[in-house]
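Notes follow once the structure below has been shown.
Residue numbers begin at 1 in each chain, while the letters A, B, ... track the order of the sequences.
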There are 2 protein chains.
Amino acid sequence: MLHLDTHQPVFRALADPTRRAILKLLSKAPLRVNDIAEHFEMTRPAVAKHLDILEHAQLIATEKKGRERLNHLTPAPLAQAADWLSFFDHFWDQRLADLKTAVETSYDRDENR
Amino acid sequence: MLHLDTHQPVFRALADPTRRAILKLLSKAPLRVNDIAEHFEMTRPAVAKHLDILEHAQLIATEKKGRERLNHLTPAPLAQAADWLSFFDHFWDQRLADLKTAVETSYDRDENR
DNA sequence: TTGACAGGAAACCAAAAGGTTTTATTTATA
DNA sequence: TATAAATAAAACCTTTTGGTTTCCTGTCAA
């Protein structure tokens, strides 16, 4: 079963620690590229590339005002990542259910002995 | 504030679609490297490298039985990723709260007019 | 005990990622 | 209107990533 992986842009965006830090930064307030770059030990063009990747994942959007461009968070796609992870919540639950069943079964055996 | 990024191994592991697919595979049952490789259009060594990365993130563990080695899921570290994402749940809530406040404030102003 | 099977490991490769510096381009402002 | 500010864009570089092939080692079974 090979379908298009809609999760890829988000997970790819989240793979880099700088990008994760940028998302947290932008959760406080929209910022210009230069403002963001001040928070990191790298040049503005490097930060701009990270912003491109975040924008491609639709985790941020930009608004051009004159010669400035504000980057603001659009965190909706993070729900995709959360959804993917939630599959394993179920797995946890299932493991617990299996364990419970096993325990009860062995208890039944004990009772009938 | 620059601290060690404990999330990095997990997010890095999740960045690749093959690795995400492997995790889902292993959620059904433990498998040998060869079994896993059959599910993908790549060679066994390629899969083995993905397994190395998953193991480094402690998302899987292996058990050696004779000449075979079983890979099984140890999904606990996924909670780290979920935790990180949950920060943005709060952000959502805050946005909603802000919106609610804004609406009520404007409603108050309307009332007093 | 000799194959065959399962996996480990090394060498290699192309492309992508993450960064740099340099050079425009557009927009405010003194 | 000339200059400074903000960013965009291009060229380039190094390291990492994701894959390959080839070979080696250990274990089971005929």
Rounded to whole Å, how long is the line connecting atom CD of E41(A) with atom P of dG18(C)?
18 Å
Tell me if the side-chain of R19(A) makes a donor-acceptor pair with the base of dG18(C), cut-off 3.5 Å, by modelled atom types.
no
If you assign each of D16(B) and K65(B) to its closest nucleotide in DNA chain D, which residue comes earlier from the 5' end?
D16(B)
Any side-chain heavy-atom pair from F87(A) and S27(B) closer than 4.5 angstrom?
yes
Could you check T43(A) against R12(A) and say which one's nearest nucleotide on DNA chain C is further toward the 5' end?
R12(A)
Are L51(A) and V33(A) side-chain neighbours, meaning at least one heavy-atom pair lies under 4.5 Å?
yes
N or O in side chain of N34(B) less than 4.0 angstrom from dC5(C) OP1/OP2:
no
What's the CG-P distance between D52(A) and dG18(C), to the nearest Å?
12 Å
Atom-to-atom span, CZ of R67(B) to P of dA6(C) - whole angstrom
6 Å
Interatomic distance, E63(B) CD vs dA6(C) C1' [rounded to whole Å]
16 Å
Thinking salt bridges, do K49(B) and D52(B) make one under a 4.0 Å N-O criterion?
no
How about L14(A) and W84(B): do any of their side-chain heavy atoms sit closer than 4.5 Å?
yes
Spacing between E68(B) atom CD and dA6(C) atom C1', to the nearest angstrom
7 Å
Listing request: all salt bridge (Lys or Arg N to Asp or Glu O under 4.0 Å) pairs with a residue in residues 12-24 of chain A, at least two apart in sequence or in separate chains.
R20(A)-D5(B)
Rounded off to whole Å, could you give me the CD1-to-P distance for the I36(B) and dG8(C) pair?
11 Å
From the list I36(B), T18(B), N71(B), side chain to side chain contact (heavy atoms under 4.5 Å, CB included) with V47(B) holds only for I36(B)
Taking any atom under 4.0 angstrom from a heavy atom of chain B, which nucleotides of DNA chain D are the first and last to qualify, 5' to 3'?
dT17(D) to dC28(D)
Side chain of I53(A) only, please: which of dA6(C), dG18(C), dA11(C) is the nearest?
dG18(C)
For DNA chain C, whose closest nucleotide is more 5', that of K49(B) or that of H50(A)?
K49(B)
Donor/acceptor link under 3.5 angstrom from R69(B) side chain onto base of dG8(C):
no
Pair listing, ring pair (Phe, Tyr, Trp, His ring centres under 6.0 Å) test, anchored in residues 26-79 of chain B, at least two apart:
none
Rounded to the Å, how far apart are M42(A) CE and dT20(C) C1'?
12 Å
At under 4.0 Å between heavy atoms, what does R44(B) touch on the DNA or RNA strands: base, sugar-phosphate, or nothing?
base
